[in-house]
Amino acid sequence: MTYLIEGETGDWEVVIGLEVHAQIISKAKLFSSAATEFGAEPNSQVSLVDAAMPGMLPVINEVCIEQAVRTGLGLNAKINLHSVFERKNYFYPDLPQGYQISQFLEPIVGEGVITLDMPEGPRDIGVERLHMEQDAGKSLHDQDPKRTFIDLNRSGVALMEIVSKPDLRSPAEAGTYMRKLRAIMRYLGTCDGNMEQGSLRCDANVSVRPVGEKELRTRTEIKNINSVRFVMAAIEYEAERQVKIYEDGGSVVQETRLYDANKGETWNMRSKEEAHDYRYFPDPDLLPVDLTQEFVDEIKASLPELPDAKKQRFVNDFGVAVDDAATLVADKETADYFEAVAESGNAKLAANWIIQELFAVLNKDSLGIAESPVSSDDLGKLVGLIADNTISGRIAKDVFEVMVTEGGDPAQIVENKGLKQITDTGEIEAMIDALINDNPDQTQQYRDGNTKVTGWFVGQIMKATGGKANPQMVNELLKKKLGLG
Ligand code: MN
């Protein structure tokens, strides 16, 4: 299922590389001890280093280095024991130093890989590098009609910039890549992945080429996209824009563009001629980062089980379908919730109930699994009641509805509402006898092997018992009564 853009001259392929800025989870900033908490009063978390006061010296925060290494290991990437911080020079009002401390020629993490679960099968996307750098401050344009204010709380906050290879071939793959990267970092505890708060931002490099062409064509970069949905929409728009340019006989200009989510369009921010020459050079205030292999090995030994491994375990140990397992491990809370429900003894049933019934309830009110109105304990009990034939799957839906709206213990709800499955075969046999007696035509058709009529018989019994009969039992009894068993 290749994603291609149909043009008048033929089909076009889209080539995408993503640069993701991920805020490192750390109490203090990359080179200062100022706090990093989101939403604080403007300029209340700014040290003299962050404000770039003369004579201030940066001191590296070891926690941030650990987090970058941890993330690199989670991406199966090469960890560079020797890396160097450099100054990236440019002027901007929210950058008091006049340069950003970043890594350039020698990043802390080299090549790695992220595996995507696509509907057509797994896809390995290369990671080019991961480097550490400082975030800038923030310009506030909406506080005053005439003036712009600067909030330096974010100035100096530690970021990881994770650069993919140009391996992505569709907006859907780009979206899946973002979600997978975010999931891995959340499992690792290295980035909270909160895109609304700006902890995760994406720049997308997009180019197109006729199917079969080997060379990459000129790319444009869409900057600072702040939701997965927008990443996909921006790429789709931009790729189609470029195809149109080529087909109209023009050429794509290398430029930086911004995505306007309201209009669903990208627009030019600056062209290549206006591009900065950053004049990188090693920061003389900072020594190179030299790590020992023991330091890296210790972090490696402490890594949690990551989504891919967890997915494989759910498939192997619980017999969950691969697609379902991929859905369940997409975030750690859901995976934990599933494991708790699976303790009921029927993991497949647990997976189905979470993915079909619970997700429907959560999606309806845009709730996360942590805000689920039904606890994993209670859902486990419900699944247990289905598994041991106390109630049918059909009745379980009614019980679940009560659990969602009123809460309560499923066994208690079943008891109170008299929903227990009828296990007394005599009662059902009597109903079947009556049904056969009253409906000779249908009975003959059943005997002749009309499967539709089989369903009708089962339906009648289910209706008569308010769904409390066990459909399988009804089927068996029917066959027996009609001499077909
Ligand atoms: Mn950057």
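Just follow the structure's listing: the first ligand is 1, and inside any ligand the first atom is 1.
- Residue-level check: among N/O/S atoms of Glu161, OE1 sits closest to the Mn ion (ligand 1).
- Judged purely by distance below 3.5 Å, without hydrogens or angles, the side chains of Thr9 and Glu247 pair a donor atom with an acceptor atom.
- Because the distance cut-off is set at 2.8 Å, Glu19 fails to qualify as a neighbour of the Mn ion (ligand 1), as none of its N, O or S atoms comes that close.
- By the 30° and 60° cut-offs, the orientation of the rings of Phe318 relative to Phe338 is perpendicular.
- Here the N, O or S atom of His21 that is nearest to the Mn ion (ligand 1) is NE2.
- Side chain to side chain, Glu106 and His131 fail the donor-acceptor criterion of an N or O pair below 3.5 Å.
- In Glu133, the N, O or S atom that comes nearest to the Mn ion (ligand 1) is OE2.
- Side-chain atoms of Arg87 and Ser102 include no donor-acceptor pair closer than 3.5 Å.
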